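Before any comments, here is the structure.
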Amino acid sequence: MAASASPAAAAPPPPFARALSSSTSRLFALPLPLHPTRHKSPRIAIRAPIATRSSLISDPAAAAAAAAAAAELGFDAVSEAELREKGFMGMRKTKLVCTLGPACGSAEALERLARGGMGVARLNMCHGSRDWHRGAIRALKRLNREKGFCVSVMMDTEGSQLLMADHGGVSSLKIEDGSEWLFTTEKFEGSRPFTIQVNFEGFSEGIVVGDELVIDGGMVTFEVVEKVGNDLRCKCTDSGLLLPRAKLSFWRDGVLVERNFGLPTLSTKDWADIEFGISEGVDFIAVSLVKDVDDIKHLKNYLARRSLDSIKVIAKIESLDSLKNLKEIVGASDGVMVARGDLGVQVPLEQIPAIQREITLLCRQLNKPVIVASQLLESMVEYPTPTRAEVADVSEAVRQYADALMLSAESAVGAFAEKSLSVLRMACGRMELWNREENQQKLLSQHQLAVSLPDRISEQICISAVEMANNLGVDAIFVYTKHGHMASLLSSNRPNPPIFAFTDNANARKSMNLYWGVIPIQLPLLDDMEENIKQTFNLMKSRNTVKPGDLVLVVSDSDLHGPFPAPSVFQSVQVRTIP
Ligand SMILES: Nc1ncnc2c1ncn2[C@@H]1O[C@H](COP(=O)(O)OP(=O)(O)O)[C@@H](O)[C@H]1O
Ligand SMILES: C=C(OP(=O)(O)O)C(=O)O
Ligand SMILES: [K+]
Ligand SMILES: [Mg+2]
């Protein structure tokens, strides 16, 4: 094993000692009051004053001054405050995505989430009106402008999916064992006893008596007992609750009954939503229920034809089809979401952890950012503390070096949105430290992806730069990049120090918000690298974010100097001390 100069890597204590000390000092402390009905034993509690800890800048005047000063450097107020407060090694590497909804749509709530580390806000077009989403996007952009945040916006398409209708306004239906229900495509107002409306005419095609009908991946299970025209009479074999818009899947002998209804991945409504997203200036479009690589290519080509390739396309892996075509889909997309919610409808639940692991690994190998999503802290929709299992799940995703973690209902409709975010933050801090202490980065497989010589040079420079940075124990990596490509290559090697990525491109800055360990900073770049370095050192020094003696590994991108081979300046790696 190569020696490392990083103090964190020197003679780590045994894992259990660390685990114990962490549970009392870093992550969790005082038990909170228990919920009487849910818990038999004390639950993990987060150290008490979470609300205050969630905000890194608390004084509004200081925050406004910081925002104004940061504007010239394009350093977002939250990362800058984090750097000042926690130092280079204390900066969080794993990015955080929050789904917006009624619980966090106001400017005040959005600001609290931004201060709490939200790097990307997701708008789920399955819910809410376009007006609602417009209001949220505009409020967020205003906050970015006025308060010095740099939160990106991700629009998530609705897609076409087999769903139950609302139950005539009832929030949920209790289904008893042995009861018989008619699943029908007939449209009617209100509710009828023992009748459930389904949204798609062909839903019973290919289904036979004896098949199993599973709702929302196991909330309720039925057996098909009779076909009545296109409708199905089903008997409940495992009781539970039917929520509105629940998802249906059919199983035979323990295997999903796969049917191709020929529905497009992007429906007419999705295309209209995409137009809406474009007009409101979203940074990412997440495509739901991707089937194959053509779905991704179609949207990317459409955006490219309109010179909108700055909008990044995220492939949501949430269907059996997408798993079959995984490598191609990942290769064609700008990023991936492991959408475990719908994945759990099409895949037996016990397979999801291995699938998540495989996807996160593949994404790092193919140099695409990956988001782990759904049910991370589901219990916090209602309760102020997570379950131990949830904390373990989140920590495992961080351990796997996922680029980003996503909150869904926890932030959209939950009672503890900010607190959920602070749980993610703290779990990230703890697990990232542990990864560094155990030198887990050394175990990452290195995948050589590039084909052309200039690309192979960039790739090798980044591999070597990260090894140097770790072995020398530098404080930070500075990369100068036009489109963020070098930053992503550095990120995919998961270095110990943070990567400050300087770009003069506002879109590149926003897209880097999904890259593990990258802090995008916008400033005008010059052709002269020496001038760029001098300028950034001076600006950061003037803002007390670096100090004389700090050791920085500087990487420059040939992109900055025109096509390869650049006329005068080549890509380079240098180790500099801040003067
Ligand atoms: N814009 C919105 N308006 C109203 N409710 C929303 C909105 N976005 C999300 N929600 C609510 O938050 C819940 C969780 O969000 P999400 O995980 O994105 O949706 P889903 O449960 O459909 O996968 C949704 O079930 C919905 O009740
Ligand atoms: C993130 C997911 O998609 P959505 O919330 O849009 O269903 C999911 O299914 O896990
Ligand atoms: K969606
Ligand atoms: Mg989904």
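All ligand and atom numbering here is 1-based and tracks the order in the structure. Fair warning: this is a prediction, and the values are worked out from it, not measured in the lab.
For ligand 1, the atoms sitting less than 4.0 Å from at least one non-hydrogen atom of Thr99 are 18 (O), numbered in the order shown with element in parentheses. The ligand atoms of ligand 2 that sit less than 4.0 angstrom from a heavy atom of Glu318 are 2 (C), 3 (O), 8 (C), 9 (O). The contact set between ligand 1 and Ala412, taken as ligand atoms under 4.0 Å from a residue heavy atom, comprises 9 (C), 12 (O). Atoms of ligand 2 found under 4.0 Å from any heavy atom of Arg340, numbered from 1 in the order shown, are 10 (O). Taking a cut-off of under 4.0 Å to the non-hydrogen atoms of Arg122, the atoms of ligand 1 that pass are 16 (P), 17 (O), 18 (O).
Checking Lys247, Met125, His127 against atom 24 (C) of ligand 1, the nearest heavy atom belongs to His127. With atom 11 (C) of ligand 1 as the reference point, the heavy atom nearest to it among Asp216, Val413, Leu243 is part of Val413. Among Ser408, Ala246, Ala136, the residue whose heavy atom lies closest to atom 17 (O) of ligand 1 is Ser408. In this structure, of Pro102, Gly128, Gly101, the residue bringing a heavy atom nearest to atom 5 (N) of ligand 1 is Pro102. The option from Ala412, Ala339, Ala409 that lies nearest to atom 8 (C) of ligand 2, judged by heavy atoms, is Ala339.
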Could you walk me through whether Leu514 and Ile314 pass the side-chain contact (heavy atoms from CB on, under 4.5 Å) test, one step at a time?
CA-CA 11 Å; Leu514 274 186; Ile314 305 297; 3.9 Å; yes
For side-chain contact (heavy atoms from CB on, under 4.5 Å), just list the numbers for Asp156 and Leu123, CA-CA rounded to whole Å, side-chain angles, deciding distance to a tenth of an Å, and then say yes or no.
CA-CA 6 Å; Asp156 190 321; Leu123 298 163; over 6 Å; no
Can you check side chain to side chain donor-acceptor pair (under 3.5 Å) on Ser488 and Asn367, steps first, answer last?
CA-CA 7 Å; Ser488 75; Asn367 195 25; 3.0 Å; yes
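Across every non-hydrogen atom of Ile311 and Asp334, the tightest pair is O-OD2, 4.3 Å. The minimum heavy-atom distance linking Ile329 with Val293 is given by the pair CG1-N, 3.8 Å. Closest non-hydrogen pair, Val518 versus Met512, comes out as CG1-SD, 4.0 Å. Smallest separation of non-hydrogen atoms from Ser152 and Leu140: O-CD2, 4.5 Å.
Side-chain atoms of Lys95 never come within 3.5 Å of backbone atoms of Arg92 as a donor-acceptor pair (strictly under, hydrogens ignored). The backbone N or O of Leu320 sits less than 3.5 Å from a side-chain atom of Gln346, completing a donor-acceptor pair. At least one donor-acceptor pair closer than 3.5 Å links the side chain of Asn199 to the backbone N or O of Leu163. Glu432 contributes a side-chain N or O that, together with a main-chain N or O of Lys93, makes up a donor-acceptor pair within less than 3.5 Å. Side-chain atoms of Asp403 come within 3.5 Å of backbone N or O of Trp516 as a donor-acceptor pair. Not a single donor-acceptor pair under 3.5 Å links the side chain of Gln197 to the backbone N or O of Thr185. The backbone N or O of Asn507 sits nowhere less than 3.5 Å from a side-chain atom of Ser310 that would complete a donor-acceptor pair.
For Asp342, the closest heavy-atom approach to ligand 1 does not fall below 4.0 Å. Every heavy atom of Gln375 sits 4.0 Å or more from the atoms of ligand 2. At least one heavy atom of His133 sits closer than 4.0 Å to an atom of ligand 1. Heavy atoms of Met125 stay at 4.0 angstrom or farther from ligand 2.
For atom 10 (O) of ligand 2, the closest heavy atom belonging to the protein is Ser374 OG, 2.5 Å. At the shortest separation from atom 3 (O) of ligand 2 among protein heavy atoms lies Lys316 NZ, 2.8 Å. Looking only at protein heavy atoms, the nearest one to atom 7 (O) of ligand 2 is Asp342 OD2, 3.1 Å. Nearest to atom 15 (O) of ligand 1 among the protein's heavy atoms is Ala409 N, 4.0 Å. Nearest protein heavy-atom contact of atom 5 (O) of ligand 2 is Arg122 NH2, 3.4 Å.
The shortest N or O to N or O distance between Met337 and ligand 2 is not below 3.5 Å. Any N or O atom pair closer than 3.5 Å counts here, and Trp132 shares no such pair with ligand 1. Distances between N or O atoms of Ser288 and those of ligand 2 include no value under 3.5 Å. At a 3.5 angstrom cut-off on N or O pairs, Asn124 counts as close to ligand 1. For the pair Ser408 and ligand 2, the shortest N or O to N or O distance does not fall below 3.5 Å.
Distance check for Met125 against the K ion (ligand 3): none of its N/O/S atoms falls below 3.4 Å. Distance check for Asp156 against the K ion (ligand 3): an N/O/S atom falls below 3.4 Å.
At a heavy-atom cutoff of 4.0 Å, ligand 2 is contacted by the side chain of Lys247 but not by its backbone. Contacts with ligand 2 closer than 4.0 Å are made by side-chain heavy atoms of Asn124 only, the backbone lying farther away. When non-hydrogen atoms are compared, ligand 1 lies under 4.0 Å from the backbone of Leu100 (N, CA, C, O) but not from its side chain.
Of the angles at the K ion (ligand 3), the one spanning OD1 of Asn124 and O of Thr157 is 110° when given to 10°.
Cation-pi contact between Arg192 and Phe194: absent, since separation from the ring centre below 6.0 Å together with deviation from the ring axis within 45° is not met.
When ring centroids are compared, Phe416 and Tyr383 stay outside the 6.0 Å threshold. Ring pair Phe222/Phe183: centre-to-centre distance below 6.0 Å.
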